[in-house]
Amino acid sequence: MDYNHRSIEQKWQQFWADHQTFKTSESTEKPKYYVLDMFPYPSGAGLHVGHPLGYIASDIFSRYKRLKGFNVLHPMGYDSFGLPAEQYAIQTGQHPAITTETNINRYREQLDNIGFSYDWSREVRTSDPGYYKWTQWIFMRLFEAWYNKETDQAESVNTLIYKFENNGSTGVFAVSDDDVNVFTAEEWKAYSEEEQQHELLKYRLAYLRESTVNWCAALGTVLANDEVINGVSERGGYPVEQKKMMQWSMRITAYADRLLKGLDTVDWPEPLVEMQRNWIGKSVGASVKFPVPQLDTVIEVFTTRVDTIFGVSFIVLAPEHELVADLTTDEQRAEVESYIDKTSKKSELDRMADTKTVSGAFTGSYAKHPLTGEDVQIWIADYVLAGYGTGAVMAVPSGDQRDYLFAKNFGLPVIPISDSQNIEEAADPNKDGRYINSDFINGMTYAEAVPALVERLENLGLGKAKVNFRMRDAIFGRQRYWGEPVPVYFKDGLPYLIKEEELPLLLPEVDKYLPTESGEPPLGRAEGWKYQDEYEYELSTMPGWAGSSWYWLRYMDPQNDTAFASREAVDYWKAVDLYIGGSEHATGHLLYSRFWNKFLKDLGYHNEEEPFKKLINQGMIQGRSNFVYRILDEEGKGTNKFVSLGLKDQYNTIPLHVDVNIVHHDVLNLDGFRKFRPDFSDAEFILENGKYICGAEVEKMSKSKFNVVNPDDIIRQFGADTLRLYEMFLGPLEQSKPWNTNGIEGVYKFLRKIWRLFHDAEGNFVVSDEEPTKAEYKALHKIIKKVEEDIERFSFNTSVSAFMICVNELTD
RNA sequence: GCGGAAGUGGCGUAAUUGGUAGCCGCACCAGACUUAGGAUCUGGCGCCGCAAGGCGUGGGGGUUCGAGUCCCUUCUUCCGCACCA
C-alpha cells in the first residue's frame, strides 16, 4: 500500500459534498471575509492547466481564512453570455443555451476534480433569466438616473424633472451632452412629451445617441474599442469599419473623477492602478474658442498650456473634424482632399511607424486669435486625433515639439513666449521663466498667468477652465443574439422602459442567429415579439460586460427574487476583500464594475464606494511547445526521417509541433509519436545517446500547437493535491510563466513522503501518543510560522518549499 | 515615444529589513538495492582550477565596513498606452 491520491481525494470530495462543508451563511458571530475569483466564460475547449492558477491561490487563501476563524464567502459562477456560443450556434443551428449548458457541466466537472472549496449553492450564471432579470433591472435604474454634479452623485431623473419644472435648466449642473438646451420652467412645461423625453435622454446615465461605432460586418455587430485590435475584431480578426449608428451608451464619464480618486483607496497592483489612471486620462487645462467669422462659428480647442496662448501661430484640426469641408477654400480643396484620402488609407500600424514624418495640409482659411484678434492659419494633420478633446489643437511651436517640427516643416512662425526658453534646436516646454511677447501677461510667472488668462477668456466668452478626460462613454448595445435583451420598447421613436414587474424580459426564440436581411440584429427575427403586441422592442442586446459588472453582489444572495440581493446580505458581506484574476481585465471589467458599484451606492442600495478592496493579478500560464525535426530532401520536400535536436544542424530540417503529452523531459516517446501521427507510423529517427530529444519553445497554450495540458490528465496521474501544490510551486503567483510538467514528480514525492510519515507498510494510519521531541516541536512551529507569513503575503511558492524542507528534516 | 515589471546555475526559482548568493525542486553525475525500473534510497552538483585559490546575480560606474537588494548610466526581454494638445 502506498499513497493513493485517487481514493483519498474521492473520499474527501464526497464528504464535502455530502456535508455541504463549504456552504456559507450570514448567521454567524464570525467576522466575514469575501474571496472572489474572476468567473470564467465557459468555452468549448474546457479548462487547461493555466486557468485554475488563480482559483487555486484563492482557494488556499479561503481555507486559510476559515481556519483563522473567518466566515468566508467563496463562490463561483459563469459569465455565460458571449460570442463564441453564438458563433457556434450560427454554424450549427444549436441553441447557444444548450452549448453553454454543456460547457458549464464540463467546467464544473473539471473544477470539482481539483477539489475547490466553493459554496456551489451560490452559483450564478449571467445567462440565467433569474440572473439577467437583475442586470436588466440595473439597466432600468441607469436609464432613470442622471448625474448631479452639485451632489456629486447619480440621482433619479425625477429630481431633474423637478428642477426643470421649477427653475428650468438654470441651476442644473449635470454631466451630460454638451448640446443640452437652455430653457425656463415655463418653456419646459410647454414642451411636448416627445421634446421632454428627447431632452432627458441627454442626461440619463443609460442613453441613446448617434455615435460613431466600430461596425464589424462579418460578425454583424458593433464592437467596443477594447475589442478592436489594429483595425480588426479581437475575435475572428474580421475587418472593422467606422459607422454612425443609434446606440445605447453608458455615461461612465460622469464617474471619471470618482473612478480616479477611488484608485487611491484600494490595495491593487500598482501597474494595474496606473493602467486605469491612463485609461481615464485626466488632464486639467482650458478650452479656448477661436472665432471663424466667415463661417459664423468657432473652433474650440482644449489645451493644458493656456499660458502659451500668445505663442499660437496656427491651428490644427484632425482630418476628420466636422468643419474641415466648410473651411477648405477652393484653391486648397484638391490638396486637402488628397491629404484626407491619404490619412484614411493609413492603417493604424502605418501611423504608428510614422511618428517622425511631418505631414499636413493648409485649409486656406483663418481663425481669429481670441486675445489678439490676429489671423491664424487653419491646418489639418493626422497627428491630431478626432477622438480626443475637441479634435483640434492650438499650435505653439515654441512650446510643443510636434508643433515645432510642423512649423519648421511648413515655414510657419515660431514665437518665443518666455525669457527662459531656448528654442534654437527644439521646442522648450519649461514653465520656469517670465512671459515675453505675451501682451498683458508679460512679466508674469506661470502661476500668475494661468488664472489671469482664464479670467480674461471667460469675460470674453471665448474660453474657460476645463478638465478633459481621455475616457469616453461606453457603448452598450450589441447587434447580437446571445446577450441580455434591453428592457426597452419604442413609442413614437422614443425609448420607454417596460414595467419592473414584467422583468425579466426573456430572450425570444429565433430561427437563425444571424442579422436579418434588412440588417437588423438577430432579435428582429423573433416572431410576434412586440411589447403589448404593439410596440417594437429594442433589438440590440447588452454587451458581455453587463452581466459581469455586478455579479459579486449576486453571490451574496443568489436566489433572491425580489431584489438583486437583500439589504441584510449586502450589509453583511459589503465588498470583496480579495479578488484574484488576470490583468487583461484592467480597463474593461474592472472599470465597468467600479462604475456600476458606485452607481448602485449612489442610489442607496449599498454603502461601498469600491467593490474590490484587494486585488491580485495572477500571471498567465503559457504553453511550452515541443518540436521534432523532419529532414528535408534536396528538393526541400519532407522525408520520413526525423533528427534529434542536438544533431539537427547537420541536416536541412523543418520543425513540427509534437504533442507535449508524449514527451517526457524533452525525450520523445517514439511509440507515442507513431500513434500521434499515424501518417508517420513508419518514421525513422536519428537518435543521440539512444534518445530522441525534442526542441521546446514558449507559446500561447492552444490546441493547434499541441501544447495544451489538461488538469484532468495531471490529476489522474498525480492527484489534485499534487496539481495544486505544483501550480503554486512553479513560481510567484503574479508572474507569467510557461507550464512545464517536468518537475511535478518532486512535488508528488513530497506528498508521498508526508503520507508515509503517518502510515505503516500496510497502509494503516499510525500515529503515536508519544511526546514529540524538541526537534519535532521546533520543526512544527517553524513551519506554522513560515506558512502563515507566506500565505499572508501571497508567496505560495516559498511556502511549498518551506514545507518540503520541514518534511525532509522530520524524515532524516 | 511614454508608463510599468523583470534580468541570479543547464532549467523553474530562493535570499521577508543592505549582512555567509544560489534554499527547495527538476535535469545531470556517482553509488546502494535489485524481480533491470520512467521504482526507491544515499551522496555530489554556480564557473575556472589537480589544488591553493580566483571569479560570479545582464554591462559599466557609484554610495557603504558590507550591495542580487540603494543611486546613476546603459543594454535586453515582457506587459500596457499609442502622436493626449
Side-chain angles (χ1 to χ4, degrees), chain A residues 2 225-226 230 269-283 285-288 301-306 308 312 315-318 348-349 351-359 381-385 387-396 399-403 405-406 429 468-471 582-584 586-587 617 619-620 622 624 664-667 669 689 691 696 698 717 725-726 729-732 734-750 752-753 756 785-786 789-790 792-793 795 797-808 811-812:
Chain A
D2 208 345
N225 273 330
D226 33 326
N230 292 331
E270 198 47 41
L272 193 79
V273 169
E274 207 48 43
M275 252 186 259
Q276 289 213 347
R277 279 203 189 104
N278 288 340
W279 186 266
I280 297 166
K282 180 177 182 170
S283 45
S287 87
V288 181
V301 304
F302 174 75
T303 176
T304 52
R305 291 294 304 273
V306 70
T308 64
V312 172
I315 286 179
V316 190
L317 307 185
E348 265 183 65
L349 269 170
R351 279 172 92 155
M352 265 190 257
D354 210 17
T355 54
K356 275 150 210 115
T357 325
V358 179
S359 70
D382 64 5
Y383 78 86
V384 178
L385 304 175
Y388 181 76
T390 59
V393 301
M394 59 179 221
V396 184
D400 183 285
Q401 185 57 21
R402 282 160 321 186
D403 298 345
L405 291 173
F406 197 86
N468 203 48
F469 291 96
R470 196 182 81 98
M471 183 169 69
S583 59
E584 67 272 21
T587 51
N617 291 129
M620 227 209 311
Q622 297 124 310
R624 185 177 182 275
H664 190 75
H665 289 302
D666 289 340
V667 176
N669 174 341
N689 304 326
K691 292 170 182 167
V698 174
Q717 215 184 128
L725 219 45
Y726 185 57
F729 181 71
L730 220 44
E734 292 93 334
Q735 197 172 298
S736 284
K737 57 233 159 193
W739 176 266
N740 191 347
T741 307
N742 300 344
I744 198 167
E745 284 101 337
V747 170
Y748 183 71
K749 278 185 223 165
F750 158 67
R752 194 166 52 191
K753 247 187 203 174
R756 285 178 181 166
K785 181 166 185 284
K786 171 74 176 164
E789 283 169 359
D790 282 348
E792 290 281 359
R793 65 189 177 109
S795 180
N797 55 328
T798 54
S799 185
V800 179
S801 296
F803 224 122
M804 289 181 176
I805 296 167
C806 173
V807 169
N808 284 342
T811 49
D812 277 349

Asks: To the nearest Å, give me how far apart NZ (K737(A)) and P (G7(B)) are.
Replies: 14 Å

Asks: Give a yes/no answer on whether the side chain of H664(A) brings an N or O atom under 4.0 Å of OP1 or OP2 in G38(B).
Replies: no

Asks: Does N797(A) have a side-chain nitrogen or oxygen under 4.0 Å from the phosphate oxygens OP1 or OP2 of A14(B)?
Replies: yes

Asks: Determine the Euclidean distance between corresponding C1' atoms of U16(B) and A21(B); express it in Å to zero decimal places.
Replies: 16 Å

Asks: What's N740(A) touching, base or sugar-phosphate or nothing? Going by heavy atoms closer than 4.0 Å.
Replies: nothing

Asks: Looking at C26(B), I'd like to know if its phosphate oxygens (OP1 or OP2) sit under 4.0 Å from a side-chain N or O belonging to K749(A).
Replies: yes

Asks: Within the pair N808(A) and G25(B), is there a side-chain N or O less than 4.0 Å away from OP1 or OP2?
Replies: yes

Asks: Please work out if E745(A) contacts a base, only the sugar-phosphate, or nothing of the nucleic acid, heavy-atom cut-off 4.0 Å.
Replies: nothing

Asks: Would you say a side-chain N or O of R470(A) is under 4.0 Å from OP1 or OP2 of C81(B)?
Replies: no

Asks: Looking at U40(B), I'd like to know if its phosphate oxygens (OP1 or OP2) sit under 4.0 Å from a side-chain N or O belonging to R752(A).
Replies: yes

Asks: For P738(A), which contact category applies under a 4.0 Å heavy-atom criterion: base, sugar-phosphate, or nothing?
Replies: nothing

Asks: Can we say E789(A) and K786(A) salt-bridge, meaning some charged N sits less than 4.0 Å from an Asp/Glu carboxylate O?
Replies: no

Asks: G25(B) and G46(B): how far apart are their P atoms, nearest whole angstrom?
Replies: 15 Å

Asks: Among C24(B), U16(B), A14(B), find the nucleotide with the atom closest to the side chain of P732(A).
Replies: A14(B)

Asks: So, under a plain 3.5 Å distance rule, would you say the side chain of K786(A) forms a donor-acceptor pair with the base of U16(B)?
Replies: yes

